[in-house]
**Q** 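One structure, as structure tokens, below. Some questions next.
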Amino acid sequence: MEYNFREIEQKWIKEWRKRDTYKVTEDSSKEKFYALSMFPYPSGAGLHVGHPLGYIASDIYARYKRHQGFNVLHPMGYDSFGLPAEQYAIETGTHPAETTEKNIARYREQLDKLGFNYDWSREVRTSSPEYYKWTQWIFKQIFNSWYNNDTKKTEPISTLIEKFNSNGSYNVNAAQDEEWYKALDLEKFPFFGEYFVGEFTATDWQSMTEEQQQLVLMHYRLTYLADSWVNWCPALGTVLANDEVKDGKSERGGHPVVQKLMRQWSMRISAFAQRLLDDLDTVDWSDSIKEIQRNWIGRSKGASVKFSVAGHGEIIEVFTTRPDTIFGVDFVTLAPEHPLVNVITTADQKADINEYVEAASLKSERDRQSDVKNITGCFTGAYCEHPFTGKQIPIWIGDYVLASYGTGAVMAVPSGDQRDWDFATHFKIDITAIMEDADISEQADASKDKPLMNSDFLNGLKGKKAVNAAISAIMDKDAGRGKVQYRLRDAVFSRQRYWGEPVPVYFKNDIPYLIEDDQLPVTLPPIDEYLPTEDGDPPLARAKKEDWDVFEGDRMELNTMPGWAGSSWYFLRYMDPHNTEEFVSEEKMKYWNQVDLYMGGAEHATGHLLYSRFWTKILCDLGHLSFNEPFKKMINQGMILGRSSFAHRFNWSLDKIKNVELDKTALGAEHFNPVFICSGTKAKLESGEADYNDVMKVILGHYKGQKNYDALMKNLELLKAKNLDSECAFSIQNIHVDINHVDNDAMDVESIKAWKPAVFDSALFLNGSLEVTNGSDVYCDFDVEKMSKSKYNVQTPDDLVEKFGADTLRCYEMFLGPVEQSKPWDTKGINGVHNFLRKLSRLFIDKEGNLMVTDAEPSKDSMKTLHKTIKKVTEDLNRFSWNTVVSGMMIATNELTEQKCHSRAVLEPLTLLLSPYAPHLAEELWEKLGHTESVTTEEWPAFDESHLVESEIHYPVSFNGKMRFKITLPAEFTKEQVEEAVLAYEKTAQYLPDGSPKKMIVVPGRIVNVVV
RNA sequence: GCGGAUGUGGUGAAAUUGGUAGACACGCUAGACUUAGGAUCUAGUGCCGUGAGGUGUGUGGGUUCGAGUCCCUCCAUCCGCACCA
């Protein structure tokens, strides 16, 4: 029997498992290749056809690399901590571990059907204690580290303590919050006076109690406890990261999010901002992802400048990216929330300012951001001094300045900044012109390449020179310094949830201490309910002391880690998944090294991908890793969209008719069985080509005898009598129908009736000729939408594997187009791909299943086809062009079929080319060819140019660039000979009225162009 | 507003360094064949035109013997960022 994919695929799934075909070990004699797909969160819905797209692509690439002799690591696992399982636990009381286990089993079942070459012995699950033991261990490493800005490296906290012991805080240049010392509770440090600015001596340090030392160290650690404003989601009872909040609502669930001050664990990612930015140049990722990360990090270079407030000791610090425009400062604007507003406002401005601050506080940040047109602000009555001219500069407040960005204050240069210009113009503040040739009468001129004027020592300078001169002058005056600022904030690392990694920390006198390594992992204690407690403590507060397997100090940490903890390092664990002594052994880490190809969605651009890079850098600095970036090359697969089908329900209504007594039981379509029309009819009706009344007539003919029919006829006659029958309102309603009951837009009426009897069973279906039908001649319209249950457009891989086989599905998903692009899913084309595999297998075996392969010498043409295909497939895979490989194989199959080629010398290499795409079929054919070893490790066929050499070339001949005809000439012809032959050719005269061309271009072997 | 990506038949798309635009596949049309099988085979299928021919890669311009590809302009769609000082 020809191509029995069910039998073949089931056979090889079993065989591969039996033979451990995909087991990978470290083998230093081979070059390694690490191909990774982002691991999934195992949701209850299972996989739809969009998920495997990236898995298939990386699987094909992994198989290809294996054929090329690489030792390929290609693992899979599960990001199995997460909200949905916990939400389900809250609703049903089912332990999230149980739900997760069930979902994983379903995922595995689906994945197993698709023929992936995963080494399942390396599977990891972030929620298993064997795994999160090491997530906790990494947390401890980070806790015990500080960032040395001098060496630009993470260092163990012990080196910091040494420094404190020998020199105190002097000569320590650590990454810290600015003015961190203000957060220190000075009552606990009686020896620091009120003028304490964060510096202390070795003696100070040594005389501190352990508790005091811990409090100080907390401000240096790379993960630290601090009160921070967090996105609190009351409905979820938890804190969300910035990137988990979309439009003020939680990304998952869409619940409202508010700002709240909480004591939280944070990770000092801000210390790594510059390195995260710089090292983007060392990875091969898409420009868009890199750009998103650059945006997120948000580096701006400029200067911080101090303005002293006249008559106060206070200083306003601003950050500016244009210190060169310092002489154009006409006013200073503070955010309404700026702490100095209350201090400096003069008595007669007090009322106005208070009113403005009040009004601003009522506006959400979002409102303030979106309201660009309304310029608002208020003068404080106070002035500050220009650091160079000494000029008195008015201080305003305005809600266009955000408290959370920079220092919450700007030096306003209306001549060079449009917002400042708008503000100055609105409030009639004089604008100082500081650039030559700049017209600032209508708008600000933000250009940097115009020479400065009215700017004292900067006059005549422009661009970088001006900026540098300004900064050094500002520094000389002690009025500020050059500064680089980042938008990137430290990442909050606490979640008030149950289903996450416990933080390996306990508290003694409210000071956090780490659980010892030999006590790890701290596993999740059982609890009776998964909600926060009535006091608002996280769910873990429900666990009693004896429920914990590790309990130290006064209490354990009750927060768990966020979702990104486990996924920030999972690619490392695959290298050495069962190691109980280390998170990964040095030897294996050095062998497998970076991920060579990372396949995944672009939606993780600022979350997972940034955090993984961050943790990799920490672990590398601490000597645990030999590389600085986790993912060398990344490809982002596009989304596969659903193709929804719509049936057209024909409606009419007499509702709008007034002054006529109508029978209310027959006013509209809702009183009758529904009527569905064809998409063609719908188009004709809407364009006016067809008349609604014609459809109505047909319907009436079929309603005879039905309930309400007589009433309807009476109504219609009544209307006719009054000449109102044109008032009947018609409409067509689109209703989603399950794509499983639609084939090529044709509805399978019988099965649609069975699918939703309540709507369709009694319905009338009219075909394009307005005849009632139960056949498949009623057509739907379609639309491309996201796949979702409610749209009945979800296509599961299971259905397709059942119908066509995994090999067909694999090839088809690749054939759809470039992986990076989003595209609609359309089952129509899958037949063609299935036929290709069937046709290909017919080169090997006949209908009875007999092998037709012979040892006969292949024809020249067949060898040419083969080598052309080897070249194409190899080159295309090398440039990650998965889709074009399939068409290349199709062309080969078509050509070999035509050539009636059954020669082993051609078909064996062809099987190898097929193997990454259709591994089951390739394996079966390989065995049929008489091999006992698996095809998966066979050597990739070598390309031999000599088979492609042609003795004749078909030259396309163009006139003025337009191709007119082709001419076949010997390949060895020189330029001159080709020219001669073309001119002598009979058809040439037709396009060459003058007899001789102006010019002739001959590209040997390619093309001839005649210029007339 | 800034940044990134994309734009080619009825559909998914191909064209790798500028060199035959639309490969391959779907769909469609006509036909053949058949123990009807998501079969197979033949011919056709960008658009306009009976034809010769014309025209054609979002728009308009440019460079070139030759442009889907390079440069400039504008437009549309998607994504990211956004009073970011």
Side-chain angles (χ1 to χ4, degrees), chain A residues 2 286-296 298-300 302 318-322 325 333 335 365 368-373 375 398-402 404-413 416-420 422-423 485-487 602-603 605-606 636 638-639 643 743-745 782 803-804 812 815-818 820-836 838-839 842 872 875-876 878-879 881 883-884 886-891 893-894 954-966 997-1003 1005-1012:
Chain A
E2 65 171 45
S286 73
D287 287 341
S288 69
I289 293 270
K290 286 188 180 186
E291 206 50 41
I292 291 170
Q293 291 216 347
R294 286 195 190 105
N295 266 327
W296 194 259
R299 182 185 201 267
S300 38
V318 302
F319 177 77
T320 175
T321 54
R322 293 293 302 275
T325 62
T333 315
E365 188 134 304
R368 276 166 63 169
Q369 282 175 19
S370 52
D371 192 3
V372 192
K373 281 176 199 150
I375 296 159
D399 66 5
Y400 78 99
V401 178
L402 297 181
S404 57
Y405 189 79
T407 58
V410 299
M411 59 175 229
V413 182
D417 182 285
Q418 192 55 45
R419 286 166 322 217
D420 295 343
D422 291 341
F423 195 89
Q485 188 158 282
Y486 302 92
R487 201 181 74 102
E603 66 273 20
T606 51
N636 304 110
M639 216 194 317
R643 190 180 188 277
D743 187 24
N744 276 339
D745 293 335
F782 71 92
K803 275 189 194 167
F804 300 100
Y812 183 55
F815 184 67
L816 275 177
E820 298 94 325
Q821 258 168 49
S822 290
K823 56 218 142 208
W825 178 259
D826 186 349
T827 31
K828 270 195 295 191
I830 200 166
N831 275 313
V833 176
H834 187 68
N835 290 342
F836 147 65
R838 194 200 312 268
K839 196 167 174 183
R842 273 203 302 268
K872 172 149 186 73
E875 284 178 359
D876 286 359
N878 284 343
R879 65 188 172 101
S881 172
N883 54 327
T884 50
V886 183
S887 35
M889 295 288 298
M890 284 174 171
I891 293 168
T893 303
N894 292 344
H954 305 277
Y955 277 99
V957 180
S958 317
F959 292 79
N960 287 341
K962 276 197 183 8
M963 209 281 286
R964 296 300 180 178
F965 56 80
K966 285 175 202 170
K998 227 184 209 167
K999 195 177 173 186
M1000 258 181 106
I1001 281 93
V1002 177
V1003 184
R1006 296 214 68 113
I1007 196 173
V1008 178
N1009 191 18
V1010 186
V1011 187
V1012 182

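Predicted model only: the values in this text are computed from it and were never measured. Only this structure's heavy atoms are used, side chains among them; waters, hydrogens and symmetry mates stay out.
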**Q** Taking the side chain of A:N894 as heavy atoms from C-beta outward, which of B:C83, B:G19, B:A25 is closest to it?
**A** B:A25
**Q** Locate the shortest heavy-atom distance separating A:T321 from A:S300; write the atom from each residue and the value.
**A** CG2-CB, 3.9 Å
**Q** Which parts of nucleotides 56-61 of chain B does protein reach within less than 4.0 Å, heavy atoms only, written one letter per nucleotide 5' to 3' as B for base, S for sugar-phosphate only and - for none?
**A** ------
**Q** Sticking with atom C1', work out how far B:U55 lies from B:C2, rounded to a whole angstrom.
**A** 40 Å
**Q** Between B:G18 and B:A23, how far apart are the P atoms? Round to whole Å, please.
**A** 23 Å
**Q** Nearest to the side chain of A:M890 - B:C65, B:A82, B:C24?
**A** B:C24
**Q** Can you tell me, in whole Å, how much space there is between the C1' of B:G58 and that of B:G54?
**A** 22 Å
**Q** On a heavy-atom basis, which atom in A:S286 and which in A:N636 lie closest, and how many Å separate them?
**A** OG-OD1, 3.5 Å
**Q** Quick one: on RNA chain B, does A:V1008 or A:N960 contact a more 5' nucleotide (nearest heavy atom)?
**A** A:V1008
**Q** Quick one: list whatever passes salt bridge (Lys or Arg N to Asp or Glu O under 4.0 Å) with A:D417, sequence neighbours left out.
**A** A:R419
**Q** For A:K803, report the nucleic acid contact type (base, sugar-phosphate, nothing); a contact means any heavy atom under 4.0 Å.
**A** base
**Q** Rounded to the nearest Å, what distance is computed from the CD1 atom of residue A:I292 to the P atom of nucleotide B:G3?
**A** 15 Å
**Q** To the nearest Å, how far apart are A:F836 CZ and B:C26 P?
**A** 12 Å
**Q** Specify the separation, in whole Å, of atom CZ of A:F804 and atom C1' of B:A25.
**A** 14 Å
**Q** Enumerate, in order of first residue number, the stems that involve RNA chain B, defined as 3 or more consecutive Watson-Crick or G-U wobble pairs with both distances under 3.5 Å.
**A** B:1-7 with B:75-81, B:10-12 with B:24-26, B:27-32 with B:40-45, B:46-48 with B:53-55, B:60-62 with B:70-72
**Q** Over how many whole Å does the gap from A:Y955 atom OH to B:U20 atom C1' extend?
**A** 14 Å
**Q** Going 5' to 3' through nucleotides 40-45 of chain B, assign each nucleotide B (protein heavy atom under 4.0 Å from a base atom), S (under 4.0 Å only from sugar-phosphate atoms) or - (no protein heavy atom that close).
**A** S-----
**Q** Considering only B:G38, B:A21, B:G3, which nucleotide approaches the side chain of A:N831 most closely?
**A** B:G38
**Q** Return the 5'-most residue of the pair A:D420, A:I891 with respect to RNA chain B, ranking by each residue's nearest nucleotide.
**A** A:I891
**Q** Does B:G9 adopt a syn or an anti glycosidic conformation, taking syn as a chi angle within 90° of 0?
**A** syn
**Q** With rounding to whole Å, what would you report as the distance between B:U59 and B:C75 at their C1' atoms?
**A** 6 Å
**Q** Looking at the base of B:C65, is there any donor atom on it, or on the side chain of A:N1009, that sits under 3.5 Å from an acceptor on the other one?
**A** yes
**Q** From CH2 of A:W825 over to P of B:C26, roughly how many Å is that when rounded to an integer?
**A** 15 Å
**Q** Protein within reach of the bases, or only the backbone? For nucleotides 10-18 of chain B, mark each nucleotide 5' to 3' as B, S or -, using heavy atoms under 4.0 Å.
**A** --BSSSB--
**Q** Please work out whether the ring planes of A:W825 and A:Y812 are parallel, tilted or perpendicular, with thresholds of 30° and 60°.
**A** perpendicular
**Q** How would you list, by chain and number, every residue that makes a side-chain hydrogen bond (donor to acceptor under 3.5 Å, both in side chains) with A:Q485, sequence neighbours excluded?
**A** none
**Q** With under 30° as parallel and over 60° as perpendicular, where do the rings of A:F959 and A:F965 fit, or are they tilted in between?
**A** tilted
**Q** Taking A:N1009's backbone N and O only, do any of them form a donor-acceptor pair with A:K999's side chain (distance below 3.5 Å, no angle check)?
**A** no
**Q** Give A:R964 one of three labels, base, sugar-phosphate or nothing, depending on what nucleic acid heavy atoms sit under 4.0 Å from its own.
**A** sugar-phosphate
**Q** So does A:R1006 have more than 12 non-hydrogen atoms from other groups sitting under 6.0 Å from CZ?
**A** no
**Q** Any idea which of B:A25, B:C65, B:G4 is nearest the A:I1001 side chain?
**A** B:C65
